[in-house]
Amino acid sequence: HMDLTGFDGADLTPTRREQLMVRKPVRLRAGSRLAEVLGRPDKLEVNAIHQQAIQRLGVGLTVAAREPNGVIQAIEDRSRRFWIGVQYHPELLLHRSVHRRLFKALVEASRQRREERRQAPTT
């Protein structure tokens with residue numbers, strides 16, 4: 001969606017203070033990797049300060065979180081080890097432990113990949 005103006009609840013003029021605060025509910029898809037990473041919540045409060053959003057998913061991608069108005073807030077590819085994309089800004093929500101879990105999971109996935117590469121036979 002090139003412009004979210006037509007969606008219910010789309011606030012396109014947030015102040016800097018609002019950008020830093022949790023403000024929009026999203027529902028996580030049960031069984032999604034994102035829900036697993038975040039501790040399996042079915043709902044999440046996120047900041048949504050963007051004016052555009054995903055309208056059509058690419059091949060292999062699934063919706064992991066969506067606002068009540070239908071706007072996609074997270075996607076993933078379960079065929080990949082760690083492929084999660086979020087539209088919201090968890091880096092501005094680090095004061096909430098649930099959002100820190102996403103970064104911790106990314107770091108852990110990177111560590112595992114590095115270790116596998118170290119153990120892989122060289123040709």
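We use all heavy atoms of the structure for the numbers below, so side chains are in, but hydrogens, waters and symmetry mates are not.
- Taking CZ of Arg81 as the start and OG of Ser110 as the end, the distance is 10.0 Å to the nearest 0.5 Å.
- Judged by distance alone, with hydrogens and angles left aside, the side-chain atoms of Asn47 form a donor-acceptor pair with the main-chain N or O of His89 at under 3.5 Å.
- Listed for the Gln73 side chain is no donor-acceptor partner under 3.5 Å among the backbone atoms of Ala65.
- Environment of CZ in Arg113: sparse, with no more than 12 heavy atoms of neighbouring residues, nucleotides or ligands closer than 6.0 Å.
- Side-chain atoms of Arg100 do not come within 3.5 Å of backbone N or O of Pro90 as any donor-acceptor pair.
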**Asked** Does the side chain to side chain contact (heavy atoms under 4.5 Å, CB included) test come out yes or no for His99 and Leu44, once each step is laid out?
**Response** CA-CA 9 Å; His99 297 289; Leu44 187 65; 3.9 Å; yes

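- No side-chain donor from either of Thr62 and Arg78 sits under 3.5 Å from a side-chain acceptor of the other.
- For the atom pair Leu38 CG and Ser32 OG, the distance stands at 8.0 Å (nearest 0.5 Å).
- Contact check on Glu116 versus Arg111 returns no salt bridge, with no Lys/Arg side-chain nitrogen under 4.0 Å from an Asp/Glu carboxylate oxygen.
- Hydrophobic clustering, with ILVMFWY side chains joined whenever heavy atoms are under 4.5 angstrom apart, keeps Ile72 apart from Trp83.
- Heavy atoms only, all atoms of each residue included: Phe82 and Leu102 are closest at CZ-O, 4.2 Å.
- When all heavy atoms of Glu45 and Pro25 are compared, the closest pair comes out as OE2-CB, 3.5 Å.
- In this structure, the separation between CZ on Arg117 and CD on Gln112 is 13.5 Å, given to the nearest 0.5 Å.
- Under the 4.5 Å side-chain contact rule for hydrophobic residues, Val86 and Phe103 do not share a cluster.
- Minimum heavy-atom separation, Leu57 to Leu61: CD1-O, 3.5 Å.
- Under a hydrophobic-cluster definition in which Ile, Leu, Val, Met, Phe, Trp and Tyr are linked whenever side-chain heavy atoms come within less than 4.5 Å, directly or via other members, Val26 and Leu94 are assigned to different clusters.
- The minimum heavy-atom distance between Ala35 and Pro41, with the atom names listed, is O-CD, 3.6 Å.
- Here the closest non-hydrogen pair linking Asp77 and Arg33 is O-NH1, 3.9 Å.
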**Message:** Is there a side chain to side chain donor-acceptor pair (under 3.5 Å) between Glu115 and Gln119? Walk through the geometry before answering.
**Reply:** CA-CA 6 Å; Glu115 187 60 29; Gln119 295 176 4; 2.8 Å; yes

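- Note that CZ of Arg40 is 12.0 Å distant from CG of Leu28, once rounded to the nearest 0.5 Å.
- Side chain of Arg29 to main chain of Ala64: no donor-acceptor pair is present (N/O by atom type, distance under 3.5 Å, no hydrogens or angles).
- When all heavy atoms are compared, the tightest approach of Glu76 to Leu34 is OE1-N, 3.0 Å.
- With a 4.5 Å cut-off on side-chain heavy atoms, Arg66 and Arg27 do not count as touching.
- Using a 4.5 Å heavy-atom threshold, the side chains of Lys104 and Val37 count as separate.
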